[in-house]
Amino acid sequence: MIIVLATANQNKVIELTNLLPQDIELKSLKEIGITTEIPETGSTLRENAFLKASFVKNHLKKQNLNYPVLSDDSGLEVEALGNEPGVNSAIYAGIPKDDQANNQKLLNELKKVTKRQATFKTVICYIDAEVHYFEGHVNGTISYEARGQNGFGYDPLFIPQGYRSTFAELSQEIKNSLSHRAQAIKAFLSYIKSE
Ligand code: ITT
């Protein structure tokens, strides 16, 4: 089985490759000839996940290719910030997206805040003959400073519930056993197996 991954984020590609079984062959956007950025103008993770997957599906149709497409839209919801940055997580500190600037902005916003609960969410949109959605989330807290070298994005700030370390301090294996993305992929895999 071949699936096209509708993401330009190399770190997501790495995680998804580790989370999906090896008998699924993954194709990147580059491999199918998409090199421009796909617009994410939706107001929810679900809408943006659909925009990315359907953009790629339409591109494939024009080439008479019928591969299924999988996209991932993720966001960090911080309780004390009214669930921001949420759907705007990628461009929290402005355009172009910059992980370090996003983390710095989040730390600044939470400078005097002790209530640091947050939830990381992923919505996967999978388009085969139909459109399917799979969701995952993980609860946690935001650390007081960036810690760790692993992962990407907000990983240096996100401490999953039950741990003292940030995702960036934990191994990829541990992150992949409990992350928002892992939960969403688990739901996706049970759909694939039922097919
Ligand atoms: P694509 O849209 O091309 O898939 P993106 O990086 O724009 O890539 P999102 O819109 O889903 O993806 O990104 C939301 C933001 O959340 C972005 O800043 C990511 O770096 C960050 N992010 C996503 N998944 C994450 C994870 O597992 N750990 C930490 N940060 C993550």
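In listed order, ligands and their atoms are each counted from 1. All of these numbers come straight from a predicted model, not from anything done at the bench. Heavy atoms only: backbone and side chains are in, while hydrogens, waters and symmetry mates are out.
- Within ligand 1, counting atoms from 1 as listed, the ones closer than 4.0 Å to a heavy atom of H180 are 24 (N), 25 (C), 26 (C), 27 (O).
- T166 and P156 get closest at one heavy-atom pair: CG2-O, 3.1 Å.
- In terms of protein heavy-atom proximity, atom 18 (O) of ligand 1 is nearest to A90 CA, 3.2 Å.
- Looking from atom 7 (O) of ligand 1 to the surrounding protein, the closest heavy atom is K97 NZ, 2.4 Å.
- Among E15, K175, K12, the residue whose heavy atom lies closest to atom 26 (C) of ligand 1 is K175.
- With F134 as reference, I124 is the one residue of L189, I185, I124 to meet the side-chain contact (heavy atoms from CB on, under 4.5 Å) rule.
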Could you walk me through whether S43 and E47 pass the side-chain hydrogen bond (donor to acceptor under 3.5 Å, both in side chains) check?
CA-CA 7 Å; S43 54; E47 281 173 21; 3.3 Å; yes
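- For ligand 1 and D99, the ligand atoms under 4.0 Å from any heavy atom of the residue are 18 (O), 20 (O).
- By the 30° and 60° cut-offs, the orientation of the rings of Y191 relative to H132 is tilted.
- With rounding to the nearest 0.5 Å, the separation of CG in L106 from CZ in R116 is 7.5 Å.
- In terms of protein heavy-atom proximity, atom 14 (C) of ligand 1 is nearest to S74 O, 3.1 Å.
- I159 has its side chain out of reach of R164: every pair of non-hydrogen atoms, C-beta onward, lies at least 4.5 Å apart.
- Interface of R181 with ligand 1, defined as ligand atoms under 4.0 Å from a residue heavy atom, comprises 23 (C), 24 (N), 25 (C), 26 (C), 27 (O).
- Between the CZ atom of R147 and the CG atom of L170 there is a distance of 9.5 Å, given to the nearest 0.5 Å.
- S71 places none of its side-chain heavy atoms less than 4.5 Å from the side chain of F55.
- For the pair G153 and D99, the tightest heavy-atom approach, listed with the atom from each and the gap, is N-OD2, 3.1 Å.
- Closest approach of T114 to Y144, counting heavy atoms only: CA-OH, 3.7 Å.
- Note that the CD atom of E79 and the CG atom of N139 stand 8.5 Å from one another [nearest 0.5 Å].
- Annotation: atom 28 (N) of ligand 1 to nearest protein heavy atom, D155 OD1, 2.7 Å.
- Not a single heavy atom of F167 sits less than 4.0 Å from an atom of ligand 1.
- The atoms of ligand 1 that sit less than 4.0 Å from any heavy atom of D72 are 4 (O), 11 (O).
- The contact set between ligand 1 and T7, taken as ligand atoms under 4.0 Å from a residue heavy atom, comprises 1 (P), 3 (O), 4 (O), 8 (O).
- Counting protein heavy atoms only, atom 21 (C) of ligand 1 is closest to Y154 CD1, 4.0 Å.
- At the top of the distance list for atom 6 (O) of ligand 1, counting protein heavy atoms only, stands N9 ND2, 2.9 Å.
- In this structure, F120 has a heavy atom closer than 4.0 Å to ligand 1.
- Distance from atom 22 (N) of ligand 1 to its nearest protein heavy atom, with residue and atom name: F152 CE1, 3.7 Å.
- Note on ligand 1: E37 sits outside its first shell, no heavy atom being nearer than 4.0 Å.
- Checked against a 3.5 angstrom limit, the closest N/O atoms of A8 and ligand 1 fall inside it.
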